[in-house]
Amino acid sequence: MRKILLFLVVLGFLAASGGLPGAARADEAADRTLGKPDAPITIIEYASLTCPHCAEFNKEIMPELKARYVETGKAKVIYRDYPLDNWALKAAMVARCAPADKYFSFIDVLFQNQVTWATAKDPKAALERIAKLGGMSGEQFEACLANKALEDAILAGSLKGQKDFDITGTPTIIVNGKKVDNPQTFADFDKILKPLAPQS
């Protein structure tokens, strides 16, 4: 954690001094969003793909959140990477190298299989297996992990999130611009969202 945060600080100085290399493609670095763009509730999730609490949120809360709020047009969810270690960063890069319409499928698979790949003796090989199952070739996988501009864009986004919302851990949930206490159950989340949703 300290190493990542230190790197983010260094990256901030590089960005301020114009020391970053060429930018990642816009489609790689852009926010990934579920739901209607004009939904009245905006939920931002800052998460790390090696974070067990994030995997639990994805498993226990996200499905009902999608069914009750996203699919009904009441809310949109923006997923933002906040990698807490090197393999979380690499996994985030792999997900962003996938076609945009497969992005959230990659995120779901990475969270669902987190214990398997994140604790593997060779996390890179485990990640590559997931990438190949998602249709990525070995050459595309290697090129993705070597994409320094994408890596920098993800870390810069993390740095901005830390600055904007004082993030101290993951998952961090932002609802309509305000950080909220992390919900432990969907019922907890529902209490936060219900007053903001349009009455049907």
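Glu128 has a carboxylate O that lies under 4.0 Å from a charged side-chain N of Lys132, or vice versa, which qualifies the two as a salt bridge. A salt bridge links Glu142 with Lys124: at least one charged nitrogen is closer than 4.0 Å to a carboxylate oxygen. Ionic pairing of Asp81 and Arg96 is present here: one or more N-O contacts between side-chain nitrogen and carboxylate oxygen are shorter than 4.0 angstrom.
Contact between Gln184 and Asp188 at its shortest, heavy atoms only, is N-OD2, 3.2 Å. Listed here is the closest heavy atom pair of Pro171 and Cys54: N-SG, 3.5 Å. Taking each heavy atom of Ala55 and Phe111 in turn, the nearest pair found is CA-CD2, 3.6 Å.
Counting only heavy atoms from C-beta outward, the side chains of Ile174 and Tyr46 approach each other to under 4.5 Å. Between Leu49 and Pro83 the shortest side-chain heavy-atom distance does not fall below 4.5 Å. Using a 4.5 Å heavy-atom cutoff, the side chains of Trp117 and Val109 are not in contact.
When the side chain to side chain donor-acceptor pair (under 3.5 Å) test is applied to Lys163, no partner is found at least two apart in sequence or on another chain.
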#### Entry: side-chain contact (heavy atoms from CB on, under 4.5 Å) assessment of His53 paired with Thr170
CA-CA 7 Å; His53 296 296; Thr170 56; over 6 Å; no

#### Entry: Trace of the side-chain contact (heavy atoms from CB on, under 4.5 Å) decision for Thr33 with Val77
CA-CA 6 Å; Thr33 305; Val77 176; over 6 Å; no

### Query
Going through the distances and angles, do Cys97 and Met136 end up as a side-chain contact (heavy atoms from CB on, under 4.5 Å)?
CA-CA 9 Å; Cys97 286; Met136 194 178 294; 4.0 Å; yes

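Under a hydrophobic-cluster definition in which Ile, Leu, Val, Met, Phe, Trp and Tyr are linked whenever side-chain heavy atoms come within less than 4.5 Å, directly or via other members, Ile44 and Ile41 are assigned to different clusters. Residue Val70 is grouped with residue Phe106 when hydrophobic side chains (ILVMFWY) are merged at heavy-atom distances under 4.5 angstrom, including chains of intermediate members.
Pairs engaging residues 42-65 under the salt bridge (charged side-chain N to carboxylate O under 4.0 Å, His left out) rule: Glu64-Arg68 [sequence neighbours left out].
Note: Tyr69 and Phe186 have tilted aromatic rings, judged against thresholds of 30 and 60 degrees for the angle between ring planes.
Defined by atom type and a distance below 3.5 Å, a donor-acceptor pair is present between the side-chain atoms of Thr42 and Lys76. There is no side-chain donor-acceptor pair under 3.5 Å between Tyr79 and Arg32.
A donor-acceptor pair is defined here as one N or O able to donate and one able to accept, closer than 3.5 Å; no such pair exists between the side chain of Ser48 and the backbone of Ala88. With hydrogens and angles ignored, the 3.5 Å screen pairs no side-chain donor or acceptor of Asp152 with any backbone N or O of Ala149.
Residue Asp101 qualifies as enclosed at atom CG: its count of foreign heavy atoms under 6.0 Å is above 12.
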